[in-house]
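A quick write-up on the structure given underneath.
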Amino acid sequence: MKKWVLLLSLLLSFSILDATIAERGQTEKINDSIKKSVIAIQDQDYEQALIFIQEAKDLDTKNAEIYQMEGQILEMLGKNEDAINAWENCLKYADSDSLKNEAEVHIKHLRNK
């Protein structure tokens, strides 16, 4: 009986470890996509930057900072309706008051254009 308890404990530990490693790998992929997006923005290749942001969004659909970047890029491209949607998602998922305030300012500005 004790062997089964030990075995189940070990299996549970490995499952948790695998999930932690997978999450870390996902975070690295998100960060990599964001870095590529920043480089594309520096090169003024905003369409390519959006592609990298979409990759990050595919990995984490509730990350306010990703929507913040998306909103900024879409504004640079003059895609105001899409930018509003991105900023609304940023507002929805934001944890900090400063990010919520930034999103609200952008939404208000874009709606008044």
Side-chain angles (χ1 to χ4, degrees):
M1 183 73 167
K2 288 183 180 183
K3 288 182 182 179
W4 285 107
V5 172
L6 179 61
L7 181 58
L8 288 174
S9 280
L10 286 172
L11 287 174
L12 181 60
S13 296
F14 286 127
S15 296
I16 292 169
L17 181 61
D18 284 344
T20 303
I21 291 169
E23 186 176 306
R24 189 176 310 135
Q26 182 176 356
T27 300
E28 289 174 8
K29 288 178 184 178
I30 291 167
N31 289 337
D32 186 51
S33 293
I34 290 171
K35 287 176 189 174
K36 288 177 183 178
S37 181
V38 169
I39 291 168
I41 291 168
Q42 290 171 341
D43 292 340
Q44 296 180 351
D45 189 353
Y46 304 120
E47 294 292 342
Q48 186 63 45
L50 276 178
I51 291 169
F52 293 126
I53 288 299
Q54 184 60 51
E55 287 177 6
K57 279 181 19 184
D58 289 344
L59 295 167
D60 186 353
T61 60
K62 296 181 180 181
N63 185 316
E65 288 81 10
I66 294 172
Y67 289 108
Q68 176 189 30
M69 285 189 67
E70 181 183 37
Q72 291 170 341
I73 295 166
L74 290 165
E75 282 185 61
M76 287 185 259
L77 289 170
K79 297 181 178 183
N80 294 343
E81 289 300 317
D82 292 335
I84 289 170
N85 290 333
W87 283 112
E88 286 174 341
N89 282 319
C90 177
L91 180 61
K92 178 179 178 180
Y93 297 115
D95 289 335
S96 71
D97 287 339
S98 63
L99 189 51
K100 289 177 184 178
N101 290 336
E102 180 183 353
E104 289 170 347
V105 167
H106 281 271
I107 292 166
K108 183 178 180 181
H109 172 74
L110 289 165
R111 285 192 175 143
N112 291 327
K113 276 191 164 185

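Nothing here was measured: the structure is a model prediction, and the numbers come from that model. For the single chain, residues carry numbers from 1 onward in sequence order.
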| remark: side-chain hydrogen bond (donor to acceptor under 3.5 Å, both in side chains) filter on D32, not counting sequence neighbours, yields K36

| said: Quick one: does any side-chain atom of S33 pair with a main-chain N or O of K29 as donor and acceptor, under 3.5 Å? | reply: yes

| Nearest heavy atoms of A83 and G71, plus distance in Å |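 Result for this residue pair: CB-O, 3.8 Å.
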
Among residues at least two apart in sequence or on other chains, which ones pass side chain to side chain contact (heavy atoms under 4.5 Å, CB included) with [X]?
| X | result |
| --- | --- |
| N31 | T27 |
| I39 | Q42, D43 |
| S98 | S96 |
| E81 | I84 |

| request: Would you list the pairs meeting salt bridge (charged side-chain N to carboxylate O under 4.0 Å, His left out) in which at least one residue belongs to residues 85-103, sequence neighbours left out? | output: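 Salt bridge (charged side-chain N to carboxylate O under 4.0 Å, His left out) check on residues 85-103 returns E88-R111.
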
| task | Please list all pairs passing the salt bridge (charged side-chain N to carboxylate O under 4.0 Å, His left out) test where one or both residues lie in residues 49-65, with sequence neighbours left out. | result |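 For residues 49-65: K57-E70.
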
| task | Run the numbers on E104 and W87 for side chain to side chain contact (heavy atoms under 4.5 Å, CB included), then give the verdict. | result | CA-CA 8 Å; E104 289 170 347; W87 283 112; over 6 Å; no

Hydrophobic cluster mates of [X], side-chain heavy atoms under 4.5 angstrom, ILVMFWY only, any path?
| X | answer |
| --- | --- |
| V38 | I30, I34, I41, Y46, L50, I53, L59, I66, M69, I73, L74, M76, L77 |
| I51 | none |
| Y67 | Y93 |

| Transitively linked via ILVMFWY side-chain contacts under 4.5 Å: L91 with L110? | yes

| request: Give, for atom CG of N112 and atom CG of N80, the distance between the pair rounded to the nearest 0.5 Å. | output: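 Between atom CG of N112 and atom CG of N80 there are 11.5 Å.
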
| field | Partner residues of K108 under the salt bridge (charged side-chain N to carboxylate O under 4.0 Å, His left out) criterion, sequence neighbours left out | value |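 Result, salt bridge (charged side-chain N to carboxylate O under 4.0 Å, His left out) vs K108: none returned.
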
